[in-house]
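Input: a single structure, listed below in structure tokens.
Counting starts at 1 for both ligands and their atoms, following the listed order.
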Amino acid sequence: ATAQQLEFLKNSIKSIPDYPKPGILFRDVTSLLEDPQAFALSIELLVERYRDMGITKVVGTEARGFLFGAPVALGLGVGFVPVRKPGKLPRKTFAESYELEYGTDQLELHCDAISAGDRVLVVDDLLATGGTIEATVKLIRRAGGEVKHAAFVINLFDLSGEARLKAQGIESFSLVNFP
Ligand code: PRP
Ligand code: ADE
């Protein structure tokens, strides 16, 4: 990726003050999705980064992880596996709880969607605290998959998600960094 390409992507992301509450500067990836050149470039750069790395499945987490994970899977020529909020997946699932700012939520993965020997890439729109992807990684490992890499469009580096994922043996990669 060139510095110019990454600057173009960064400029396509609108920043919304005081959303969802006062003091938060929300990095809105929907403005990137609305720009077909920015959307295509984000997918191309992620596919380029992970091509020839032996990835056999891409996992994306509901909901915004689907928007980037599914096209990256197509670009890599591998299957896409959704991790979903509780009660949405019809077959047998593994479930993991994770911390939210207030209370906890749960994520689920179809037990038979990942097999031993799968080398899984996790894709999401944005890395904040890393809680969502830590839970996602635990689900993939319970299903027998190997996961060492997670890719994001945006990293909010002040929230230290990369260090949290590193502690789980995950190397993070992000196209755009914001405080
Ligand atoms: C957002 C975002 C990431 C996660 C990042 O999803 O899409 O998945 O938060 O935060 P973390 O690193 O602190 O876990 P959200 O839970 O808002 O759900 P959505 O994709 O359905 O909007
Ligand atoms: N998730 C957590 N913090 C966020 C922010 N500032 N912008 C977008 N998504 C977020």
Nearest to [atom], what protein heavy atom do you find, and at what distance?
atom	result
atom 5 (C) of ligand 2	Leu156 CD1, 3.5 Å
atom 9 (N) of ligand 2	Phe26 CE1, 3.4 Å
atom 7 (N) of ligand 2	Arg27 N, 2.9 Å

Give a yes or no answer on whether the side chain of [X] reaches the backbone of [Y] with a donor-acceptor pair at less than 3.5 Å.
X	Y	answer
Glu62	Lys85	yes
Arg119	Gly54	yes
Ser31	Lys14	yes
Glu162	Phe157	no
Asn11	Glu7	yes

Within the 4.0 Å heavy-atom sphere of ligand 1, strictly under, residues:
Glu62, Ala63, Arg64, Lys85, Asp124, Asp125, Leu126, Ala128, Thr129, Gly130, Gly131, Thr132
Charged tip of Lys10 within 45° of Phe178 ring normal and under 6.0 Å:
yes
I'd like to check the side-chain contact (heavy atoms from CB on, under 4.5 Å) partners of Ala1; sequence neighbours left out, ordered by chain and number.
Gln5, Leu6, Leu45
Please report, to 0.1 Å, the donor-acceptor pairs under 3.5 Å made by any side chain of residues 141-150, with sequence neighbours excluded.
{"from": "Arg141", "atom 1": "NH1", "to": "Gln168", "atom 2": "O", "distance (Å)": "2.8"}
{"from": "Arg141", "atom 1": "NH2", "to": "Val147", "atom 2": "O", "distance (Å)": "2.9"}
{"from": "Arg141", "atom 1": "NH2", "to": "Gln168", "atom 2": "O", "distance (Å)": "3.0"}
{"from": "Arg142", "atom 1": "NH1", "to": "Ala95", "atom 2": "O", "distance (Å)": "2.7"}
{"from": "Arg142", "atom 1": "NH1", "to": "Glu96", "atom 2": "OE2", "distance (Å)": "3.1"}

One finds that the ligand 2 atoms under 4.0 Å from a non-hydrogen atom of Ala128 are 2 (C)
Please list, chain by chain and in numerical order, all residues satisfying ring pair (Phe, Tyr, Trp, His ring centres under 6.0 Å) with Tyr19, sequence neighbours excluded.
Phe26
Give the single entry among Leu159, Leu126, Leu25, Leu127 that approaches atom 10 (C) of ligand 2 most closely by any heavy atom.
Leu126
With a 4.0 Å heavy-atom cut-off (strictly under), which part of Asp28 contacts ligand 2: side chain, backbone, both or neither?
neither
